[in-house]
2 protein chains.
Amino acid sequence: MFAESRIAPSVTINQPVAGRQRAGQLWSSLADVCNLLQITPTAAATAASDVVFQHIQLKAGQRLFTIGQAFDVIYVVNSGFLKTVLIDDAGNEQVLSFPMKGDVLGVDGIHAHCYMSEAVALSSCDVIVIPFKVFSSLGRKYPELELSLYGVMSRELAREHAMASMLGSLSAEARVERFLVALSERYAAMGYSGKEFNLRMTRQEIGSYLGLTLETVSRTLSAFDRIGYIAVEGRSIILKDMATLKTLRRLPPSQSRSKEVAAVKKSINELSFANAEDRLTA
Amino acid sequence: MFAESRIAPSVTINQPVAGRQRAGQLWSSLADVCNLLQITPTAAATAASDVVFQHIQLKAGQRLFTIGQAFDVIYVVNSGFLKTVLIDDAGNEQVLSFPMKGDVLGVDGIHAHCYMSEAVALSSCDVIVIPFKVFSSLGRKYPELELSLYGVMSRELAREHAMASMLGSLSAEARVERFLVALSERYAAMGYSGKEFNLRMTRQEIGSYLGLTLETVSRTLSAFDRIGYIAVEGRSIILKDMATLKTLRRLPPSQSRSKEVAAVKKSINELSFANAEDRLTA
DNA sequence: CGAGTACTTGAAGTCCGTCAACCTTCGTGG
DNA sequence: CCACGAAGGTTGACGGACTTCAAGTACTCG
């Protein structure tokens with residue numbers, strides 16, 4: 001079951017490095033990878049132009065690696081969207097991250113020599129395969145490279161810390177709003193519109209990621225829509241009031257920005273007002 | 001303020017490596033550090049016996065490093081207990097971890113070249129200072145060493161994932177109970193008793209770490225005590241029913257183990273019963 | 001076109017946060 | 001020596017922000 005869920009049969013992977021530039025960009029140079037990772041492509045990287053890395057194509061729903069699978073390689077996302085999940089004893093999924101272009105996958109497998117999480121494609125994906133041994137030997141030759149993997153892991157750690165902080169102390173509204181802003185910034189950094197975009201994940205997955213139920217996510221999005229912060233229609237999101245959304249970050253956990261039981265228009269005013277208060281107290 | 005909160009004035013740090021074995025174990029060899037980190041001390045490590053690392057002593061309350069401080073060195077705890085915290089915009093502390101013997105501190109500073117969290121001693125501590133540059137050059141010479149830093153960071157990442165999962169989906173009871181079990185296992189691994197130990201942190205700090213309030217932590221500990229799982233007296237903890245505690249891991253978030261509105265004795269029975277149910281459903 | 005999945009919305013209940021009172025311990029200085 | 005305050009801890013009452021349960025709609029894909 002695990003084996004068959006893996007795409008890209010090893011036959012394809014183990015093909016000799018013959019025609020390096022195949023149809024559909026099947027191979028990438030070290031310099032390409034450095035660009036993807038936003039590492040300043042040093043002389044070292046360009047020097048090692050003989051090293052190439054294979055790509056893997058995934059379709060939505062396919063798994064890149066599963067929990068417990070032997071750790072060999074790390075992955076860098078070239079295009080597409082994925083999720084990484086933890087499966088607990090009861091079989092429940094816990095979404096850990098939504099990797100996209102430029103993100104590194106699989107580093108949590110280094111320590112135990114097997115992956116500790118599961119990576120699933122949410123859309124068609126193109127992923128670069130980097131054998132860990134190749135990478136670390138390259139790192140030894142070119143210190144900047146090594147430093148940048150440390151950097152990637154360090155950044156990942158900081159991101160997790162921020163996540164823990166959020167899960168520990170923010171309200172549902174604040175979590176959803178931070179999620180939207182973070183997503184927007186990611187899209188913007190990738191050259192897409194930061195104002196209008198499509199969610200690639202379900203409410204369920206968002207909820208799991210944020211430590212909420214899917215109903216709460218849905219309700220919160222609807223509330224933001226009603227207030228006019230955003231426009232939601234299924235998975236299409238339009239951020240209408242980015243400025244306010246961004247300033248709303250880091251709210252204290254439970255504020256009484258409820259009272260929205262009354263008339264709709266009235267609740268809108270109260271909500272805006274309550275949020276303004278939050279901004280002051282923060 | 002940042003500067004003065006640091007202990008061990010630079011005068012001490014920059015002393016030439018003259019009398020390497022000072023009073024009070026002020027210096028450690030690479031092999032010592034490897035032992036501490038549970039790395040099989042390879043030939044390489046013993047070979048580089050000329051490399052020594054300085055220690056720093058902290059008293060309870062002192063800070064090892066603060067947020068924003070320039071990143072130079074990583075630390076390995078030799079003895080004592082600390083906490084690492086994040087400070088958000090509102091000035092609230094969020095506890096991220098409780099490092100103890102063998103744990104590595106400061107790796108979150110690699111990426112941004114400044115520490116992203118703050119480390120505070122909870123007791124008298126002895127910490128080994130490892131200049132990051134020294135470490136990475138050693139890593140280049142001895143690949144196993146390099147691999148083990150990757151391993152440390154990878155493990156840290158996995159730990160954070162587990163943490164996120166817990167914060168996202170477990171009830172207060174389950175969190176406290178997992179916290180106790182984890183602490184117990186840490187103590188046992190260090191050679192202390194895993195059954196009886198003293199908490200080194202306040203209820204407040206535990207709560208922050210677990211995403212709960214100090215009142216909830218206190219109430220939950222009291223409840224466990226009343227049921228007979230543990231014995232609590234201030235910061236002294238005795239685990240009386242380890243087996244049950246361990247099997248209680250990973251409960252679904254909100255189970256109806258309430259109904260404890262009624263008489264005390266009755267509520268106790270119901271509570272135990274409800275927990276038994278949980279074990280079955282999990 | 002039916003089945004399955006994703007999403008929305010409502011109603012009810014509860015877990016846990018907030019507020020508050022009280023106790024103990026500990027260190028300081030009158 | 002005891003008064004005093006500060007800090008940590010316990011416990012109770014109350015309410016609200018979520019979760020849970022449930023029903024209904026829209027959509028995709030054989």
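All values below come from the heavy atoms of this structure, side chains included, with hydrogens, waters and symmetry mates left out. Chain naming here is simple, since letters A, B, ... match the order of the sequence lines and numbering starts at 1 in each.
- Classification of the A:Phe224-A:Tyr229 ring pair by plane angle, with boundaries at 30° and 60°, yields tilted.
- Checked by atom type and distance alone, the side chain of A:Arg175 pairs as donor or acceptor with a backbone atom of A:Leu210 at under 3.5 Å.
- Computed from coordinates, the A:Glu233 CD to C:dC7 C1' distance equals 13 Å when rounded to whole Å.
- Taking the six-membered ring where the residue is Trp, the centroids of A:Phe98 and A:Tyr209 are separated by under 6.0 Å.
- Taking atom CZ on A:Phe224 and atom P on C:dT8, their separation rounds to 14 Å, with Å as the unit.
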Self-check item: Per-nucleotide protein contact string for nucleotides 23-30 of chain D, where B marks a base within reach and S marks sugar-phosphate only (heavy atoms under 4.0 Å, - for neither)
Solution: --------

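- Atom CG in A:Leu170 sits roughly 10 Å away from atom P in D:dC18 (whole-Å rounding).
- No donor-acceptor pair closer than 3.5 Å links the side chain of B:Arg235 to the backbone N or O of B:Glu233.
- One interatomic measurement links the two molecules: CZ of B:Arg175 to C1' of C:dG17, which rounds to 12 Å at whole-angstrom precision.
- With a 6.0 Å radius and a threshold of 12 heavy atoms from other residues, nucleotides or ligands, B:Met166 has its CE atom above the threshold.
- Within 6.0 Å of the CD atom in A:Glu215, the count of heavy atoms belonging to other residues, nucleotides or ligands exceeds 12.
- If you take CZ on B:Arg219 and CZ on B:Arg203, they are separated by 13.0 Å, rounding to the nearest 0.5 Å.
- A side-chain contact (heavy atoms from CB on, under 4.5 Å) with A:Val120 is found for one member of A:Gln62, A:Glu205, A:Lys83 and no other, namely A:Lys83.
- Here the side chain of B:Asp225 pairs a donor or acceptor atom with the backbone of B:Val232 at under 3.5 angstrom.
- Of all the residues in residues 209-220 of chain B, B:Gly211, B:Leu212, B:Thr213, B:Glu215, B:Thr216, B:Arg219 reach under 4.0 Å from DNA chain C with at least one non-hydrogen atom.
- Taking atom CD of residue B:Glu173 and atom P of nucleotide C:dG17, one finds them 13 Å apart after rounding to whole Å.
- Atom pair B:Ile237:CD1 and D:dG9:C1' shows a separation of 12 Å (rounding to whole Å applied).
- Between A:Leu167 atom CG and D:dC18 atom C1' the separation is 15 Å, expressed in whole Å.
- At the phosphate of D:dT11, OP1 or OP2 sits under 4.0 Å from a side-chain N or O atom of B:Ser222.
- Judged by distance alone, the side chain of A:Thr216 and the main-chain N or O of A:Leu212 form no donor-acceptor pair under 3.5 Å.
- Of the residues in residues 199-207 of chain A, those with a non-hydrogen atom less than 4.0 angstrom from any atom of DNA chain C are A:Thr202, A:Arg203.
- Between B:Tyr187 and B:Tyr192, the ring planes are tilted. Angles from 30° to 60° get that label.
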